[in-house]
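Structure first, then comments.
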Amino acid sequence: MRPARVVTVETLSPHFRLIELEGEALKDVAWTAGQKIQLAIGAGLSARTYTPMSWDGRGRTRLLAFAHGEGPGARWASGLREGDICQFFGPRRSLDLAGFEAPVVLFGDETSFGLAAALRDNLQAGGALHMFEATDVATSQQVLEAISLGQARLIARSTDEDHLATVEAEMLRLAANGAHFVLTGKASSIQRISRALKAAGVASSRIKAKAYWSPGKTGLD
């Protein structure tokens with residue numbers, strides 16, 4: 001773990017905070033979009049994983065923290081203040097998107113917004129199309145507009161997950177146009193969309209997947 005100072009904390013909604021860190025340990029770091037860092041959030045070895053939105057040579061990185069529920073990660077993000085010192089580890093490999101070119105379709109949820117912002121400026125040939133499942137569509141739209149991703153498509157979650165049929169249909173339409181797919185967020189949603197794409201004949205080389213969370217499980221990053 002190495003230290004970094006919180007430069008700014010901007011509350012975009014009750015559950016989203018835009019955080020900028022700086023420090024000597026962040027300078028001259030070889031970072032690529034899709035990599036992750038881990039931040040210590042309390043005593044012991046407890047940490048949470050975030051996907052940086054950007055990272056510059058002056059030693060600054062930006063993160064979007066999604067704080068939901070009452071867990072230690074949510075309490076840490078909600079209590080963060082300018083001037084606080086954080087301990088971080090990374091960056092480390094998470095999603096290897098080298099060689100992915102447009103059209104790229106990113107599917108995810110609220111935990112994927114930071115990755116989407118990183119890909120916007122770092123993918124070849126025009127960035128990516130974004131589709132997210134979300135519990136609160138209005139708030140998610142507000143947050144996406146604040147980070148210049150207002151054109152993303154948002155699909156409201158349903159309790160029975162019927163909304164994923166809409167996602168599948170759109171993904172299969174885009175697959176016919178030769179798209180590459182980056183699937184992130186909830187593990188069960190990723191599994192369903194991946195199965196549908198492969199059943200339609202989409203090669204595994206056109207699909208990258210990374211589960212960020214699963215109900216009732218910890219340790220996913």
Side-chain angles (χ1 to χ4, degrees), residues 11-19 33-38 48-53 62-71 73-74 76-78 94-95 97 100 104-120 123 127-172 174-175 179-197 207-221:
T11 299
L12 302 183
S13 82
H15 297 295
F16 285 92
R17 307 196 86 193
L18 186 60
I19 301 163
Q35 289 185 330
K36 65 185 178 183
I37 65 171
Q38 291 168 292
R48 288 296 181 271
T49 302
Y50 294 94
T51 303
M53 297 169 57
R62 297 172 75 225
L63 315 169
L64 183 64
F66 175 52
H68 61 103
E70 298 298 330
W76 174 83
S78 299
S94 180
L95 270 170
L97 303 177
F100 259 34
V104 173
V105 180
L106 171 64
F107 168 73
D109 59 16
E110 297 93 338
T111 63
S112 310
F113 292 175
L115 173 63
L119 295 186
R120 177 189 59 222
L123 277 177
L129 302 174
H130 308 100
M131 181 178 294
F132 303 111
E133 56 178 337
T135 299
D136 185 336
V137 169
T139 297
S140 292
Q141 184 66 46
Q142 172 188 333
V143 171
L144 288 169
E145 288 176 354
I147 60 173
S148 302
L149 287 171
Q151 299 303 310
R153 182 173 178 184
L154 289 163
I155 307 294
R157 281 193 180 93
S158 57
T159 54
D160 54 9
E161 298 202 333
D162 279 353
H163 68 285
L164 291 175
T166 300
V167 176
E168 283 184 6
E170 183 64 9
M171 291 291 183
L172 293 176
L174 293 165
H180 291 72
F181 297 90
V182 180
L183 310 179
T184 62
K186 187 179 179 181
S188 60
S189 297
I190 291 171
Q191 292 165 358
R192 176 169 171 174
I193 301 304
S194 181
R195 283 196 301 267
L197 290 171
I207 304 171
K208 299 281 188 178
K210 182 67 177 181
Y212 290 152
W213 68 283
S214 183
K217 293 186 179 181
T218 60
L220 296 181
D221 62 3

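Numbers for residues simply follow the sequence, beginning at 1.
- Proximity of Leu183 to Lys208: side-chain heavy atoms (C-beta onward) are nowhere separated by under 4.5 Å.
- Within the structure, salt bridge (Lys or Arg N to Asp or Glu O under 4.0 Å) contacts touching residues 136-145 (residues at least two apart or in different chains) do not occur.
- Summarising the geometry of Ile147 relative to Ala117, their closest heavy-atom pair is CD1-CB, 4.5 Å, with the distance given to 0.1 Å.
- Here the closest heavy-atom approach between residue Arg17 and residue Ala77 is recorded as NH1-O, 2.8 Å.
- Residue pairs meeting the salt bridge (Lys or Arg N to Asp or Glu O under 4.0 Å) criterion with at least one member in residues 147-159, sequence neighbours excluded: Asp109-Arg157, Glu110-Arg157, Glu133-Arg157, Arg153-Glu170.
- For the atom pair CD of Gln191 and CG of Leu164, the computed distance is 11.5 Å after rounding to the nearest 0.5 Å.
- Listed by chain and residue number, Pro103, Val105, Leu174, Phe181 satisfy the side-chain contact (heavy atoms from CB on, under 4.5 Å) test with Ala179 (two or more places apart in sequence, or in another chain).
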Worked verdict on Phe16 versus Leu64 for side-chain contact (heavy atoms from CB on, under 4.5 Å) | CA-CA 7 Å; Phe16 285 92; Leu64 183 64; 4.0 Å; yes
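- Here the side chains of His15 and Ser78 are not in contact, with every heavy-atom distance at 4.5 Å or above.
- Thr184 pairs by the side chain to side chain donor-acceptor pair (under 3.5 Å) definition with Ser112, not counting sequence neighbours.
- Asp162 is linked by a side chain to side chain donor-acceptor pair (under 3.5 Å) to nothing, counting only residues two or more places apart in sequence or in another chain.
- Between Leu119 and Leu106, the closest side-chain pair of non-hydrogen atoms falls below 4.5 Å.
- Taking all atoms of both residues into account, the shortest heavy-atom contact from Ala152 to Gln141 is O-OE1, 4.3 Å.
- Residues Ala211 and Ile190 share a closest heavy-atom pair of CA-CD1, 3.6 Å.
- With sequence neighbours left out, the side chain to side chain donor-acceptor pair (under 3.5 Å) criterion links Glu168 to Arg192.
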Could you give me the CA-CA distance, side-chain angles and deciding distance for Trp213 and Lys186, then say whether side-chain contact (heavy atoms from CB on, under 4.5 Å) is met?
-> CA-CA 5 Å; Trp213 68 283; Lys186 187 179 179 181; 3.7 Å; yes
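- Remark: Phe107 pairs with no residue by the ring-ring contact (aromatic ring centres under 6.0 Å, His included) rule, at least two apart or across chains.
- When all heavy atoms of Lys210 and Ser94 are compared, the pair lying nearest together is CE-OG, 3.5 Å.
- Thr166 OG1 to Met131 CE: the interatomic distance, rounded to the nearest 0.5 Å, is 8.5 Å.
- For Phe66 and Phe113, the ring centers are positioned 6.0 Å apart or more.
- Annotation: the span from Leu154 atom CG to Leu144 atom CG amounts to 5.5 Å, rounded to 0.5 Å.
- In this structure the side chain of Ile37 reaches within 4.5 angstrom of the side chain of Leu63, judged on heavy atoms.
- The line from CG of Leu172 to CG of Leu197 is 6.0 Å long, rounded to the nearest 0.5 Å.
- Partners of Arg62 according to the side chain to side chain donor-acceptor pair (under 3.5 Å) rule, which considers only residues two or more places apart in sequence or in another chain, do not exist here.
- Residues Ala187 and Ser214 approach most closely at CB-CB, 4.0 Å, considering heavy atoms.
- Remark: Thr139 OG1 to Leu12 CG distance equals 11.0 Å, nearest 0.5 Å.
- For His180, the side-chain contact (heavy atoms from CB on, under 4.5 Å) partners at least two apart in sequence or on another chain are Phe100, Val104, Arg206.
- Counting heavy atoms from C-beta on, the side chains of Tyr50 and Ile19 never come closer than 4.5 Å.
- Note that CD1 of Ile193 and CE of Met171 are 6.0 Å apart. Values are rounded to the nearest 0.5 Å.
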